[in-house]
Amino acid sequence: MSHLLALLNRLKAEAHQRLLTDSQAAAFGRLQRLWRFPGRVNLWGPPGSGKTMLGWVVARAAGAPFYASPRLLRESSRRDDSQIVVDNVPSEPIRLREVIGELQLRGTNTALLITSFPNRIGLTSVQLGTPNVTDVDIVYRNLSLLDFYSLEPFYSTNLWAVVQSVLP
């Protein structure tokens with residue numbers, strides 16, 4: 001298994017609210033309030049802003065399955081989940097409506113749909129902004145807690161680039 005895959009699996013397994021950056025924690029609070037009621041919520045933000053990590057935390061906190069893509073959702077044999085998190089959802093209206101249709105067929109009451117751009121079909125949205133220096137410092141701290149270290153910290157507005165900077 002590659003070092004990156006091992007690290008990603010570890011991050012997913014350890015996904016917890018205490019590992020969120022400040023901006024992710026604020027978005028998590030908004031998402032928790034929105035998930036009290038059935039509906040679809042769109043989490044969006046630029047690549048590398050931490051949307052996937054936040055999705056893992058939301059799924060774990062809610063006991064909901066996390067699907068890395070709409071394709072994996074369609075291929076899943078599970079049909080009885082009232083809450084679902086789906087990553088890499090297209091933001092184009094027609095393709096987004098297809099995912100929502102799949103959720104309706106499954107009887108899913110509440111879903112977090114993660115996109116790179118805001119939806120244009122009226123779903124409630126939570127934006128995750130571009131990471132700042134404090135966010136990057138928190139990610140490095142979290143990686144060190146998982147025994148992944150960087151000799152020379154790499155500051156970027158893309159948290160995936162920061163994660164990859166600790167790999168050999």
Side-chain angles (χ1 to χ4, degrees), residues 1-21 23-129 139 142-143 145-146 148 158-160 163-164 167:
M1 179 176 351
S2 76
H3 293 288
L4 177 59
L5 186 55
L7 175 55
L8 293 178
N9 284 338
R10 181 89 186 273
L11 285 170
K12 187 174 180 181
E14 300 285 334
H16 190 277
Q17 185 179 355
R18 72 180 179 283
L19 297 178
L20 297 175
T21 66
S23 57
Q24 288 171 324
F28 181 75
R30 288 192 300 277
L31 291 170
Q32 278 191 311
R33 285 189 297 279
L34 291 168
W35 267 43
R36 290 183 189 157
F37 308 101
R40 307 329 182 213
V41 179
N42 176 212
L43 172 63
W44 69 278
S49 59
K51 300 181 301 289
T52 297
M53 177 67 176
L54 181 53
W56 290 338
V57 172
V58 168
R60 185 175 196 152
F66 178 93
Y67 295 95
S69 71
R71 179 184 59 80
L72 293 175
L73 172 68
R74 281 189 304 277
E75 293 173 357
S76 170
S77 60
R78 292 179 67 156
R79 297 279 186 230
D80 58 348
D81 295 305
S82 64
Q83 296 180 320
I84 289 179
V85 177
V86 186
D87 199 359
N88 298 302
V89 175
S91 55
E92 298 86 19
I94 291 173
R95 296 189 60 210
L96 181 56
R97 287 180 199 275
E98 289 172 356
V99 174
I100 292 170
E102 176 69 27
L103 295 170
Q104 289 172 334
L105 289 172
R106 291 170 168 269
T108 301
N109 296 326
T110 307
L112 177 61
L113 305 173
I114 303 173
T115 65
S116 293
F117 300 99
N119 75 86
R120 297 188 311 261
I121 64 171
L123 295 179
T124 302
S125 294
V126 174
Q127 181 182 7
L128 195 55
V139 169
N142 292 339
L143 290 168
L145 292 173
L146 300 175
F148 288 90
N158 184 321
L159 296 180
W160 281 122
V163 168
Q164 290 175 337
L167 298 172

Compare every heavy atom of [Y] with every heavy atom of [X], then report the nearest pair and how far apart it is.
X	Y	value
W44	S116	CE3-O, 3.9 Å
I84	A64	N-CB, 4.2 Å
P90	P70	CD-CG, 3.9 Å
F117	N42	O-OD1, 3.9 Å
S49	G45	OG-C, 3.9 Å
G122	N119	N-OD1, 3.1 Å

How many angstroms lie between [atom1] in [X] and [atom2] in [Y], if you round to the nearest 0.5 Å?
X	Y	atom1	atom2	answer
S2	L167	OG	CG	8.0 Å
L105	R74	CG	CZ	12.0 Å
R120	E92	CZ	CD	7.5 Å
D87	S69	CG	OG	8.5 Å
W56	L8	CH2	CG	5.5 Å
K51	W160	NZ	CH2	10.0 Å

Answer yes or no: is there a side-chain heavy-atom contact under 4.5 Å between [X] and [Y]?
X	Y	result
L103	L113	yes
Q104	R40	yes
W35	L112	yes
V57	L19	no
L54	I114	no
F66	V58	no
T124	F37	no

Whether the side chain of [X] engages the backbone of [Y] through a donor-acceptor N/O pair (distance < 3.5 Å, no angle test) should be reported.
X	Y	value
Q24	G50	yes
N142	L145	no
N88	A68	yes
T108	D81	yes
R78	P65	no

Should we count CZ of R95 as having more than 12 external heavy atoms under 6.0 Å?
no
Would one find more than 12 heavy atoms of other residues, nucleotides or ligands at under 6.0 Å from atom CD1 of I94?
no
Please test E14 against L146 for side-chain contact (heavy atoms from CB on, under 4.5 Å), starting from the C-alpha separation and ending with a verdict.
CA-CA 9 Å; E14 300 285 334; L146 300 175; 3.6 Å; yes
So I121 and I100, side-chain contact (heavy atoms from CB on, under 4.5 Å) or not? Walk me through it.
CA-CA 11 Å; I121 64 171; I100 292 170; 3.6 Å; yes
Could you go through the side-chain contact (heavy atoms from CB on, under 4.5 Å) check for V85 and L43 one step at a time?
CA-CA 10 Å; V85 177; L43 172 63; over 6 Å; no
side-chain contact (heavy atoms from CB on, under 4.5 Å) between V41 and T110, intermediate numbers included
CA-CA 8 Å; V41 179; T110 307; 5.9 Å; no
